[in-house]
Amino acid sequence: MGPTEKQSNRRASLRNNEKMERILQWLKGEFTVDRKLIPIKAVTFFFTGGVVAFVPYLVLHMQQLGITLEEIAIMYAVLPIASLLGPPITGLVADKFGRYGFMFNINIILTGVFHSLLLHVPPAPRPSLTFVCDPYGHNLEWEVCDDCFDVRNNTKGIFELRSCHFTCVSPPEDMTLCYTNSSPNNTLCTSYGLQESIFVNGSLRALKSLKKRSCSHTWSDLLHEDVHYESVTCPSSCPIVCDIGGIQQCHELLGTGSPPRTFWVYFGMRLLATFFLSSAFIMLDATTLAEIKRHRGEFGKQRVLNMVGFSLIPLIAAIIIDRSASSTGEVDYRPAFYLGDAMLAVSVILIARLDLEVELPQESLTKGLKKIVTRPDIDIFLLLILILGSNYGFIESYLFVYLKELKAPNYLLGLTMTVGCLASIPMLFWADPIVKWMGRHNIFLISFVAYAVRMFGYSYISNPWMCFPFEALEVFTYQLMWVAAATYCPILAPKGLLATMTGVVGAVHYSIGKGVGAFLGGYLISLYSTANAFKVYGVIALAGGVLYFSLYHCYLKDIIHKKERKLETVKEEGEEAECIMENELKVRLDIVNGMCRRPSGFNWTAADLRKGEEGSKNEPI
């Protein structure tokens with residue numbers, strides 16, 4: 001090897017060493033934790049984790065109280081009003097008295113208080129039915145006679161036997177049910193454990209020998225292992241007694257809605273809970289920006305623990321719910337609320353110890369609103385966001401309901417949020433270049449198609465575990481879509497109204513669109529079924545994609561291209577550089593905010609973000 005070749009190898013080795021040193025320095029700068037920002041990271045984790053501990057289970061809890069799907073739809077149509085009113089009213093109060101930290105804590109405390117009060121809403125009266133069985137036959141005995149005894153007669157359904165026990169001194173270990181037919185004379189006996197849930201498919205029938213108001217039924221036309229049987233007996237000489245689940249409440253059979261007290265008490269509490277929840281989320285965002293501005297941090301890095309909370313806490317809450325259900329025999333959502341309250345209490349303590357210096361935004365969301373909504377191109381864009389938000393709201397509100405119909409355990413419900421969040425984390429790094437490479441309009445079309453695939457896919461699954469491939473599509477239906485929407489804002493927004501434009505888009509998607517999806521979805525489910533409602537929304541998603549494709553190529557395409565060229569010209573000439581920087585900050589924030597589902601319907605404005613990220617590059621986390 002000659003001297004020239006040795007020198008060449010030495011220079012190459014030095015270049016490699018320098019490159020490796022730069023990489024190590026970058027990694028050190030990116031992952032070094034700034035101790036001054038640890039408190040705000042902890043606040044973010046405990047607050048968001050506390051909220052997502054119970055919010056995903058609210059619809060299931062409403063059904064448990066006896067609130068019908070039609071009434072749930074009505075509530076979700078009105079709740080966005082509370083979401084929209086909460087932040088500005090709270091901001092005005094905080095601005096008037098100058099006690100931002102105190103108001104922040106008040107909002108968190110009241111969020112926990114009013115959500116916990118939902119546990120004490122009086123439920124609709126539940127019919128109590130007991131199964132009594134011996135070698136001579138069985139009887140179904142009602143605890144209380146109601147107005148639906150005759151209505152229930154000859155109704156078919158799947159009933160669950162639970163909490164079974166023998167009524168003798170020396171009972172056997174297992175119970176046996178024998179399904180019988182008199183003609184032809186055949187009997188099939190099956191053994192079950194006492195703690196096992198047993199599902200019986202049959203019709204309720206009043207015994208002819210009993211009086212009309214005797215409050216007793218029996219089962220007939222039983223379907224077991226695809227064979228029809230006339231009755232069921234228990235061969236053990238020790239009688240068996242079981243509680244029966246799956247009984248429709250009287251108001252559901254009569255179509256009269258839940259009792260007024262249940263509906264209105266829950267509705268009032270939920271409106272207040274939503275009001276303070278949305279306010280608390282906005283104040284958390286403002287607090288985070290204030291801290292990163294003061295300590296020269298980066299907003300996205302403070303959201304890492306937020307993603308951890310979204311990934312882990314719903315799963316932990318679901319596991320606790322399942323453990324509680326296995327010991328009591330009934331699903332009890334109180335542990336999820338208690339876990340959330342405990343985490344919210346920790347966040348209150350942490351905020352009380354923070355020395356907050358928060359600048360409240362001076363710009364109103366309604367500034368220039370008329371100029372925005374009177375532009376046809378912006379109206380088309382907002383219609384697109386409304387349809388996408390409606391799909392988002394339908395899935396967020398009723399996916400858990402559907403999975404529970406498929407007998408999904410509660411931990412699977414929490415796992416859906418974990419999978420969706422973890423699958424989206426890479427978007428933190430690659431969403432922006434992907435959107436630029438594919439084009440915003442193509443991202444929107446893919447989002448509509450992905451929503452349709454999710455809707456139709458959910459509607460045809462028979463095993464709840466099959467939902468996870470469709471959950472992974474959330475990368476397209478939400479994360480990439482929202483980055484594309486965020487980068488459209490500075491292109492379409494009138495001059496000087498970028499912050500207002502982004503606020504309107506966030507409100508249309510997270511509040512109005514989500515409310516429309518929950519409202520329409522509830523009525524579709526009540527009219528058809530949950531699976532068929534998903535199919536209908538699959539058609540809506542496809543129709544939305546076709547509508548956007550037509551409007552884009554017939555009207556929007558030329559307008560967007562002209563505005564993009566103008567924006568590029570401005571960027572090259574160095575004019576209005578602040579507006580461009582605000583857009584870039586907004587894109588980075590929306591990539592981060594798009595990682596996980598948020599119970600709140602609000603987002604940052606680019607103007608606020610710019611204040612928080614001044615000089616933050618290569619600073620500690």
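Side chains are part of it too, since the values below use all heavy atoms of this structure and drop only hydrogens, waters and symmetry mates.
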Closest non-hydrogen atom pair, [X] against [Y]:
{"X": "Met417", "Y": "Pro56", "result": "SD-CG, 3.5 Å"}
{"X": "Ala336", "Y": "Ala317", "result": "CB-CB, 4.1 Å"}
{"X": "Leu413", "Y": "Ala408", "result": "CD2-CB, 4.3 Å"}
{"X": "Tyr398", "Y": "Ile72", "result": "OH-CG2, 3.9 Å"}
{"X": "Met481", "Y": "Ser447", "result": "CB-OG, 3.2 Å"}
{"X": "Val539", "Y": "Phe456", "result": "N-CZ, 3.8 Å"}

From [atom1] ([X]) to [atom2] ([Y]), nearest 0.5 Å:
{"X": "Leu118", "Y": "Met269", "atom1": "CG", "atom2": "CE", "value": "8.0 Å"}
{"X": "Ser347", "Y": "Ile108", "atom1": "OG", "atom2": "CD1", "value": "4.0 Å"}
{"X": "Leu79", "Y": "Ile74", "atom1": "CG", "atom2": "CD1", "value": "11.5 Å"}
{"X": "Leu277", "Y": "Leu344", "atom1": "CG", "atom2": "CG", "value": "9.0 Å"}
{"X": "His441", "Y": "Leu384", "atom1": "NE2", "atom2": "CG", "value": "12.5 Å"}
{"X": "Leu386", "Y": "Asp379", "atom1": "CG", "atom2": "CG", "value": "11.5 Å"}

Is there a side-chain contact between [X] and [Y] (heavy atoms, below 4.5 Å)?
{"X": "Phe470", "Y": "Ile461", "answer": "yes"}
{"X": "Leu110", "Y": "Phe114", "answer": "yes"}
{"X": "Phe468", "Y": "Leu415", "answer": "yes"}
{"X": "Met438", "Y": "Ile446", "answer": "yes"}

Residues Tyr451, Leu473; criterion side-chain contact (heavy atoms from CB on, under 4.5 Å); working and verdict: CA-CA 8 Å; Tyr451 263 127; Leu473 291 177; over 6 Å; no

Backbone N/O of [Y] and side chain of [X]: donor-acceptor pair under 3.5 Å:
{"X": "Tyr402", "Y": "Tyr458", "value": "yes"}
{"X": "Thr111", "Y": "Phe276", "value": "yes"}
{"X": "Ser279", "Y": "Gly86", "value": "yes"}
{"X": "Ser397", "Y": "Phe394", "value": "no"}

Which of parallel (below 30°), tilted (30 to 60°) and perpendicular (above 60°) describes [X] and [Y]?
{"X": "Phe54", "Y": "Phe337", "answer": "parallel"}
{"X": "Phe47", "Y": "Phe104", "answer": "perpendicular"}
{"X": "Tyr333", "Y": "His61", "answer": "perpendicular"}

Sole candidate of Arg270, Glu71, Lys514 that passes side-chain hydrogen bond (donor to acceptor under 3.5 Å, both in side chains) when paired with Tyr76: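 Among Arg270, Glu71, Lys514, the one that satisfies the side-chain hydrogen bond (donor to acceptor under 3.5 Å, both in side chains) with Tyr76 is Arg270.
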
Worked check of side-chain contact (heavy atoms from CB on, under 4.5 Å) between Met62 and Met75: CA-CA 11 Å; Met62 294 166 76; Met75 287 190 197; 3.4 Å; yes

Verdict with supporting geometry, Thr477 and Asn391, side-chain contact (heavy atoms from CB on, under 4.5 Å): CA-CA 9 Å; Thr477 59; Asn391 281 268; over 6 Å; no

Stepwise side-chain contact (heavy atoms from CB on, under 4.5 Å) check, Met343 with Val51: CA-CA 8 Å; Met343 297 190 71; Val51 170; over 6 Å; no

Atom CZ of Phe476: over 12 foreign heavy atoms under 6.0 Å: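 No.
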
Heavy atoms of other groups near Tyr528 OH, more than 12 under 6.0 Å: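 No.
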
Between Phe444 and Phe448, ring centroids under 6.0 Å: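 No, too far apart.
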
Output side-chain donor-acceptor pairs under 3.5 Å for residues 530-537, partner residues at least two apart or in another chain, one line each.
residue	atom	partner	partner atom	Å
Thr530	OG1	Glu405	OE1	3.1
Thr530	OG1	Glu405	OE2	2.7
Asn532	ND2	Ser529	OG	3.1
Tyr537	OH	Ser390	OG	2.5

